[in-house]
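In the text below, chain A, chain B and the rest are named by the order of the sequence lines, each starting its count at 1. No hydrogens, no waters, no symmetry mates; every other heavy atom, side chains included, goes into these values.
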There are 2 protein chains.
Amino acid sequence: MRSDAKKNYEQLLAVAREVITEQGANASLRDVARRAGVGLGTLYRHFPTREAVFEALLRTGFDDLTARATELETSTVPDEALLTWLREVVALAHRHSGVIASMVAAIDDPESALHASCVTMKAAGARLLKRAQSKKLARPDMDGVDLFALVAALSWLGDQPALVPRAERLFDIIASSILKKS
Amino acid sequence: MRSDAKKNYEQLLAVAREVITEQGANASLRDVARRAGVGLGTLYRHFPTREAVFEALLRTGFDDLTARATELETSTVPDEALLTWLREVVALAHRHSGVIASMVAAIDDPESALHASCVTMKAAGARLLKRAQSKKLARPDMDGVDLFALVAALSWLGDQPALVPRAERLFDIIASSILKKS
DNA sequence: ACCTGAACACCGTTCAAGT
DNA sequence: ACCTGAACACCGTTCAAGT
């Protein structure tokens, strides 16, 4: 990548992070290009779809969460490990309001720029879930996709301003349905 | 209302129902006016906001659900009554994909055209919940808003195409967290 | 009293023309 | 190789002008 191209890429990503944090997943990409001082076509060259922007924004977060799952798998008791991880996933999603819907859609859409990250995250969560299930600490009739769906639902709830004050209780309620002993 | 105005109103509502069922809550209202063979200003006259369209579309459904809650309150055992009602609310929401987010936002926005309906529905659900709680059949640390939130989350899950196949299990999982005995 | 549609200020996306 | 921005086809919303 030419150095001017790289500079544009970095600048676009920085501005996108700012604008999307401010205005959510449907923020105007035109506005992002404008604020970045870059032509509209340049944005589309670097990020052919909106999902590609999300992917770039979330990549490091995703990687961290996957590593975190592996770490929790050996360092903590199964039920606490699962709970802690779920909290962190919801927190990441909360920092990117509205993106979660694209992530859910990406689960079974291999064309999406978010697909690979979703599959990896889902697998990481599934491992933590399975471990808890094998110790009879989690509902046995659930798989990684169900877990992903519940996290998505919690994240969506956290995106609703009216429900922010009760986000913690809602987390506890839904978490209790996952960790019910078999 | 003049008879021509009434005719336009009915026509707009019929077309809106069709278009929103097809394309979801963000469907183009311009398109609705076009398909209804009516000027754009006419649509805005009858429905000053998008929420006003939703409200008109959902009104009878809301009324039915409120009546249904009252009926279930005397005819069925508390836990089954609550479950049955939740299923029916989710089903209604599912028939209007995307509208649920507006409903959640309307809970604490008295300006919204959906506010009154939401409050009424929330109260109806809260009565069923309270009855189940008093018989120790439902989680005691929950109120009507929490119930509304969980229904909203389930409806949102039902709006995600990738999750439709597991909608029933997800319902069971979340329902189990409501109906846990104290 | 009600309806129409042009006008305005925005989008997303593409692509010829430039450097 | 990369960038620009005009062009196109859409929005939502308002409001003067019509009947």
Side-chain angles (χ1 to χ4, degrees), chain A residues 1-57 96-99 101-102 105-106 109 111-114, chain B residues 1-57 96-99 101-102 105-106 109 111-114:
Chain A
M1 185 145 55
R2 245 165 51 178
S3 77
D4 55 342
K6 178 153 189 167
K7 199 176 142 191
N8 281 336
Y9 179 90
E10 304 294 353
Q11 176 68 5
L12 278 166
L13 207 54
V15 173
R17 172 159 277 126
E18 197 179 334
V19 172
I20 286 181
T21 301
E22 270 174 27
Q23 311 177 17
N26 293 318
S28 159
L29 296 184
R30 216 185 182 97
D31 194 34
V32 170
R34 215 155 26 211
R35 291 210 215 179
V38 145
L40 199 41
T42 304
L43 185 149
Y44 277 90
R45 162 182 298 277
H46 288 300
F47 306 102
T49 64
R50 193 174 280 271
E51 280 73 33
V53 180
F54 296 162
E55 203 275 336
L57 284 181
H96 303 271
S97 59
V99 174
S102 302
D109 173 16
E111 303 302 311
S112 168
L114 285 167
Chain B
M1 184 146 54
R2 242 164 55 177
S3 77
D4 56 341
K6 178 153 189 166
K7 199 175 142 191
N8 281 336
Y9 179 89
E10 304 294 354
Q11 176 66 5
L12 278 166
L13 208 54
V15 173
R17 173 158 277 128
E18 197 178 336
V19 172
I20 287 179
T21 300
E22 270 173 27
Q23 310 178 17
N26 293 318
S28 159
L29 295 184
R30 217 186 181 96
D31 194 34
V32 170
R34 216 155 26 210
R35 290 210 215 178
V38 146
L40 198 42
T42 305
L43 185 149
Y44 276 89
R45 162 181 296 276
H46 288 300
F47 306 102
T49 64
R50 194 174 280 271
E51 280 72 34
V53 180
F54 296 163
E55 203 275 335
L57 284 181
H96 303 270
S97 59
V99 174
S102 301
D109 174 15
E111 302 301 311
S112 167
L114 285 166

Q | A/His46 NE2 to D/dA1 P, straight-line distance once rounded to whole Å | A | 15 Å
Q. In whole Å, what is the span from the CG atom of B/Leu12 to the C1' atom of C/dT4?
A. 13 Å
Q) A/Asp31 has an atom CG; how far is it from atom P of C/dG12, in whole Å? A) 9 Å
Q. What's the OH-P distance between A/Tyr44 and D/dG5, to the nearest Å?
A. 16 Å
Q. Is B/Arg50 touching bases, backbone alone, or none of the nucleic acid, heavy atoms closer than 4.0 Å?
A. sugar-phosphate
Q: Among D/dT4, D/dC3, C/dG12, find the nucleotide with the atom closest to the side chain of A/Arg45.
A: D/dC3
Q) Looking at B/Val99 and B/Ala25, what are the two nearest heavy atoms and their distance? A) N-CB, 3.8 Å
(Q) Suppose we define a pair by two distances each less than 3.5 Å, Watson-Crick or G-U wobble; what does D/dA17 pair with here? (A) none
Q.
Output the rounded distance in Å from CG (A/Leu40) to P (C/dT13).
A. 10 Å
**Q.** Check: B/Arg35 side chain, B/Val15 main-chain N or O, donor-acceptor pair, under 3.5 Å
**A.** no
Q) How do B/Ala5 and B/Arg30 order along DNA chain C: which one's closest nucleotide is nearer the 5' end? A) B/Ala5
Q) Between B/Arg30 (side chain) and B/Leu40 (backbone), is there a donor-acceptor pair under 3.5 Å? A) no
(Q) Using a 4.0 Å heavy-atom cut-off, does B/Ala27 contact any base of the nucleic acid, only the sugar-phosphate backbone, or nothing at all? (A) sugar-phosphate
(Q) Between A/Thr42 and A/Leu29, which residue's closest nucleotide on DNA chain C lies nearer the 5′ terminus? (A) A/Leu29
Q) Between A/Ser112 and A/Glu51, which heavy-atom pair has the shortest distance, and what is it? A) OG-CG, 3.9 Å
Q) For C/dC3, does either OP1 or OP2 sit under 4.0 Å from a side-chain N or O belonging to B/Asn8? A) yes
Q. Within this structure, what is the CG-to-P distance between B/Leu43 and D/dT13, rounded to whole angstrom?
A. 10 Å
Q) So, does A/Thr21 use its side chain to make a donor-acceptor pair with the main chain of A/Arg17 at under 3.5 Å? A) yes
**Q.** Distance test, side-chain N/O of B/Ser28 to OP1/OP2 of D/dG12, below 4.0 Å
**A.** yes
**Q.** Complement of C/dA9, any strand, by Watson-Crick or G-U distances under 3.5 angstrom
**A.** none
Q. Which nucleotide sits closest to the side chain of A/Arg2: C/dT4, C/dC3, D/dA1?
A. D/dA1
Q. Which nucleotide in the set D/dC3, C/dT14, D/dC11 lies at the smallest distance from any side-chain heavy atom of A/Asp4?
A. D/dC3
Q: Can you tell me the distance, in whole Å, between the CD atom of B/Gln11 and the P atom of C/dT4?
A: 12 Å
Q: Report the distance from atom CZ of A/Arg34 to atom C1' of D/dT4, rounded to the nearest whole Å.
A: 15 Å
Q. A/Tyr9 or B/Asn26: which one's nearest nucleotide on DNA chain D is closer to the 5' end?
A. A/Tyr9
